[in-house]
2 protein chains.
Amino acid sequence: MAEPPQTGNLSRPGERVPGPTAERGAARSRLPTLEDVARVAGVSRATVSRVVNGVRNVDPDLHAVVWAAVDATGYVPNRAARSLVTRRAGTVALVVSDSEEHDDDPFLGRFFADPFFGRVVGGVLSVLRPAGVQLGLHLVGSPPARVRLVGDLRQGQADGVVLLSLHPDDALPGLLAEAGIAAVMVGRPARPAPISYVDVANEAGAALAVERLLARGCQRIGLVAGPEHVPASQDRVAGFRQAMARRGYAWSPSEAGNFTRESGEAAMRRLLAAHPDLDGVFVANDLMAQGALVALHEAGRRVPDDVAVVGFDDSSAAQAAQPPLTTVRHPLEVMAAEATRLLLARIEEPRLRVASVIHDPVLVVRRSA
Amino acid sequence: MAEPPQTGNLSRPGERVPGPTAERGAARSRLPTLEDVARVAGVSRATVSRVVNGVRNVDPDLHAVVWAAVDATGYVPNRAARSLVTRRAGTVALVVSDSEEHDDDPFLGRFFADPFFGRVVGGVLSVLRPAGVQLGLHLVGSPPARVRLVGDLRQGQADGVVLLSLHPDDALPGLLAEAGIAAVMVGRPARPAPISYVDVANEAGAALAVERLLARGCQRIGLVAGPEHVPASQDRVAGFRQAMARRGYAWSPSEAGNFTRESGEAAMRRLLAAHPDLDGVFVANDLMAQGALVALHEAGRRVPDDVAVVGFDDSSAAQAAQPPLTTVRHPLEVMAAEATRLLLARIEEPRLRVASVIHDPVLVVRRSA
DNA sequence: CGCAGGTCAGAGAGCGCTTTCCCGCCCGCG
DNA sequence: CGCGGGCGGGAAAGCGCTCTCTGACCTGCG
């Protein structure tokens with residue numbers, strides 16, 4: 001240990017401490033290279049490289065000697081040098097593409113505070129780590145930021161992109177495709193683009209919700225929709241209407257929110273005001289459903305006895321809600337993992353066809369319906 | 001656009017598509033280099049490098065000529081090549097160090113689903129982006145994974161580390177310090193280590209909670225503590241006891257949870273069983289407080305009229321709770337940003353003294369107390 | 001016994017960039 | 001008018017790695 005512990009007291013940053021750190025600096029400046037290992041093992045650089053990368057038949061004896069030398073020297077391959085010649089970064093970028101506002105925002109808005117983000121990260125990492133690939137995190141808001149990102153990417157920042165686009169008319173999917181950058185989206189692109197994606201069958205999920213509500217005996221079912229231009233929302237709304245129509249309900253009252261808790265509360269209030277006799281409601285995501293619960297509570301409705309509520313996402317908000325939400329679970333981690341696998345395959349073989357994988361959602365029954 | 005859109009149908013990955021992609025591949029293989037820019041500008045590589053990096057006085061005319069050439073060629077510096085010679089990755093790693101279990105877990109456990117994670121990411125990114133530094137995400141569980149990480153880091157994976165240690169006796173802070181890797185922790189290390197950190201004044205936060213409860217007229221105040229070996233929990237508990245003692249309360253009933261909603265519910269239930277006359281409770285984090293609310297509701301207690309509840313964190317769970325939680329807010333984004341600034345400073349100047357910065361928490365009054 | 005064919009290790013050429021070293025020029029002063 | 005000094009630009013040496021090319025050696029067959 002080169003420095004004494006400093007814990008517990010408030011020492012101002014900015015002071016320099018002399019001494020031990022210097023020798024540490026010196027130690028860092030000279031890490032073992034292939035050359036060093038080769039010298040120790042008594043072979044050429046090329047051979048060490050072959051052994052370390054496990055290529056071609058190398059004499060088993062030499063093999064052992066080289067590995068011993070690697071251990072002895074504490075050698076770790078230099079990533080930059082390797083990247084330079086292989087033209088591979090060994091890194092995949094997770095790009096969150098949001099609307100303008102975040103670009104200069106100090107803390108990048110609401111999204112990161114959403115558990116949604118973490119679930120995606122978890123899924124991506126579960127595939128990347130076994131593959132020995134690093135994950136880089138990027139956030140883009142403004143159009144110039146998108147262009148900059150594409151530049152960075154072309155230049156080898158990352159070998160591919162897992163794209164989370166939250167912006168209804170996002171240019172990024174198109175830009176990436178044009179630049180020939182391997183990319184896979186989680187959630188279908190808002191506008192058709194030649195890009196692979198993984199999604200959940202939102203329509204089918206909405207149908208599950210409708211089934212549940214109907215099976216409970218609900219007769220007057222309302223809808224709290226999400227933002228008009230977001231694909232996930234569109235699909236859920238469409239699925240809801242189709243499923244209702246199939247059961248004979250030509251029309252249902254609806255109000256739209258923007259996927260936030262507050263907007264859900266407001267939408268539910270409007271819905272209730274216009275249709276006091278509602279006995280069931282499908283809310284296009286859990287956050288809004290949580291808000292809807294508040295509105296229903298305030299209006300004196302018991303859930304699920306007076307009004308049954310089904311959400312969508314099975315986010316942590318669903319379990320936190322009072323009563324816990326019956327909701328449609330989409331396997332976000334699995335989807336993110338699948339997207340990552342698709343991406344790695346495409347990086348390996350760029351000529352692979354653009355593909356889409358649609359996962360089936362599942363109804364999670366809790367207390368709200 | 002090189003390929004037709006494939007949206008809407010399930011095409012199997014694995015098929016190859018001939019044609020356009022080939023020329024795209026060729027296009028990618030030959031990106032403009034410094035050499036190209038130099039040729040176009042009619043100067044040497046060295047000069048272009050100087051202009052691009054803004055070093056030394058270059059003739060203003062040439063300066064303009066070079067930038068024009070850069071634009072014309074669409075040049076972007078190759079990161080790997082630059083890293084190789086500068087020995088800088090231009091990347092900072094955000095390392096989440098958790099306990100064993102996650103290491104081989106498919107989806108890396110609960111943590112990523114916690115909004116906590118996202119807030120830290122947001123704070124870190126808010127500093128990194130203006131500085132033009134990339135963010136790499138790493139998760140380590142098992143001891144071997146920690147050692148591997150240190151190896152990767154030494155070899156130039158990243159220039160420094162923002163460390164989130166969730167594991168009470170984590171070896172990583174020590175390992176990083178020993179290896180001479182620039183690192184800053186968010187939250188103090190569980191065991192003293194020569195590593196900079198940023199933290200919130202947990203004791204002071206607990207004191208705020210106590211003040212609030214007392215000011216409301218609570219007489220019999222209980223405590224739902226967090227895990228025994230986690231620093232944040234220890235400090236909050238200590239702060240609670242000290243503040244209570246200062247007001248004449250020598251002892252208070254308490255039960256411990258492990259920071260999860262369920263454990264909070266269980267702890268509250270135990271507390272209530274043993275001390276039915278409680279009229280106030282401080283819960284060491286919001287998630288547990290949310291659980292406590294459920295237990296109180298089930299026990300027929302009204303919040304805050306019968307029992308007032310104060311949480312800690314001001315996580316999204318606090319707003320979601322019914323009633324919304326009065327809680328202690330620690331400025332996690334600000335702290336993460338501060339940690340990142342500290343890290344960048346230390347990368348720039350490795351001889352800086354190990355430092356700690358403690359932020360003051362604030363009481364956020366909502367309905368629960 | 002000679003030669004084709006095969007296998008495996010080493011030599012060396014870069015990958016694209018930064019940076020040192022050096023040279024040529026110009027200015028100012030003696 | 002001569003010379004010293006400073007400044008701006010070019011040549012070139014690597015950074016650590018991969019990978020092709022080459023050559024040595026061995027085997028087996030004609």
Side-chain angles (χ1 to χ4, degrees), chain A residues 28-67 69-70 73-91 132 151-157 159, chain B residues 28-67 69-70 73-91 132 151-157 159:
Chain A
R28 271 202 90 178
S29 72
R30 186 68 187 114
L31 289 174
T33 77
L34 258 197
E35 188 74 52
D36 299 322
V37 179
R39 202 176 318 113
V40 170
V43 298
S44 72
R45 274 196 340 265
T47 301
V48 179
S49 174
R50 282 193 277 259
V51 170
V52 170
N53 294 296
V55 236
R56 279 233 314 240
N57 322 341
V58 176
D59 186 286
D61 294 348
L62 273 187
H63 202 270
V65 172
V66 169
W67 276 119
V70 167
T73 51
Y75 171 75
V76 195
N78 179 307
R79 207 181 176 80
R82 182 177 283 180
S83 288
L84 183 56
V85 47
T86 59
R87 292 153 178 290
R88 280 287 183 84
T91 296
D152 287 356
L153 254 26
R154 277 205 328 154
Q155 149 272 79
Q157 186 82 225
D159 300 323
Chain B
R28 267 202 92 178
S29 72
R30 187 66 187 115
L31 288 174
T33 77
L34 259 196
E35 188 73 53
D36 299 322
V37 179
R39 201 175 321 113
V40 170
V43 298
S44 72
R45 281 201 326 274
T47 300
V48 178
S49 174
R50 284 193 274 258
V51 169
V52 169
N53 295 295
V55 236
R56 267 198 9 197
N57 322 339
V58 176
D59 185 285
D61 293 350
L62 272 189
H63 201 271
V65 171
V66 169
W67 276 119
V70 166
T73 51
Y75 170 74
V76 195
N78 179 308
R79 207 181 177 80
R82 181 177 281 181
S83 287
L84 183 56
V85 47
T86 59
R87 293 150 178 290
R88 279 288 183 84
T91 296
D152 287 357
L153 254 25
R154 276 205 328 152
Q155 149 272 78
Q157 186 80 227
D159 300 322

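Quick caveat: nothing in here was measured; it's all calculated off a predicted structure.
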**Report entry** Sidechain-backbone polar pair: A/Ser49 side chain, A/Arg45 backbone, donor-acceptor under 3.5 Å
**Finding:** no

Query raised in the report: Should B/Leu62 and B/Val43 count as side-chain neighbours, where that means a heavy-atom distance under 4.5 Å?
Result: yes

**Report entry** Minimal non-hydrogen separation, A/Ala41 against A/Val66, with atom names
**Finding:** CB-CA, 4.2 Å

Report task. Describe, as an angle rounded to 10 degrees, how the axis at the first end of the helix from C/dC1-D/dG30 to C/dG30-D/dC1 is tilted relative to the axis at the last end, five pairs per end. Result -> 60°

Report task. Measure across B/Thr33 and B/Tyr75 and return the closest heavy-atom pair with its distance rounded to 0.1 Å. Result -> C-CE1, 3.6 Å

Report summary line: Note: B/Ala80 and A/Leu84 closest approach over all heavy atoms is CB-N, 3.8 Å

Report task. Would you indicate, yes or no, if D/dG16 has its OP1 or OP2 atom less than 4.0 angstrom from a side-chain nitrogen or oxygen of B/Arg87? Result -> yes

Query raised in the report: Just by modelled atom types, is the A/Gly90 backbone N or O under 3.5 Å from a matching donor or acceptor in the A/Arg79 side chain?
Result: yes

Query raised in the report: Quick check: does any side chain N or O of B/Thr73 sit under 3.5 Å from a backbone N or O of B/Ala69, one acting as donor and the other as acceptor?
Result: yes

Detail all sub-3.5 Å separations between protein N/O atoms and N/O atoms belonging to nucleotides 17-19 of chain C.
{"unit_1": "C/dC17", "atom_1": "OP1", "unit_2": "B/Tyr75", "atom_2": "OH", "d": "2.5"}
{"unit_1": "C/dC17", "atom_1": "OP1", "unit_2": "B/Asn78", "atom_2": "N", "d": "3.1"}
{"unit_1": "C/dC17", "atom_1": "OP2", "unit_2": "B/Leu34", "atom_2": "N", "d": "2.4"}
{"unit_1": "C/dC17", "atom_1": "N4", "unit_2": "B/Arg45", "atom_2": "NH2", "d": "3.0"}
{"unit_1": "C/dT18", "atom_1": "OP1", "unit_2": "B/Asn53", "atom_2": "OD1", "d": "3.4"}
{"unit_1": "C/dT18", "atom_1": "OP1", "unit_2": "B/Asn53", "atom_2": "ND2", "d": "3.0"}
{"unit_1": "C/dT18", "atom_1": "OP1", "unit_2": "B/Arg82", "atom_2": "NE", "d": "2.7"}
{"unit_1": "C/dT18", "atom_1": "OP1", "unit_2": "B/Arg82", "atom_2": "NH2", "d": "3.2"}
{"unit_1": "C/dT18", "atom_1": "OP2", "unit_2": "B/Ser49", "atom_2": "OG", "d": "2.7"}
{"unit_1": "C/dT18", "atom_1": "OP2", "unit_2": "B/Asn53", "atom_2": "ND2", "d": "3.3"}
{"unit_1": "C/dT18", "atom_1": "O4", "unit_2": "B/Arg45", "atom_2": "NH2", "d": "3.4"}

Report task. Could you check how far CG of B/Asp61 sits from C1' of D/dG8, rounded to whole Å? Result -> 13 Å

Report summary line: Between NE2 of B/His63 and P of D/dC7 the distance, given in whole Å, is 18 Å

Query - Exercise: identify the closest heavy-atom pair between B/Val51 and B/Trp67 - result: CG1-NE1, 3.5 Å

Query raised in the report: Can you tell me how far P of C/dC25 sits from CG of B/Leu62, to the nearest Å?
Result: 16 Å

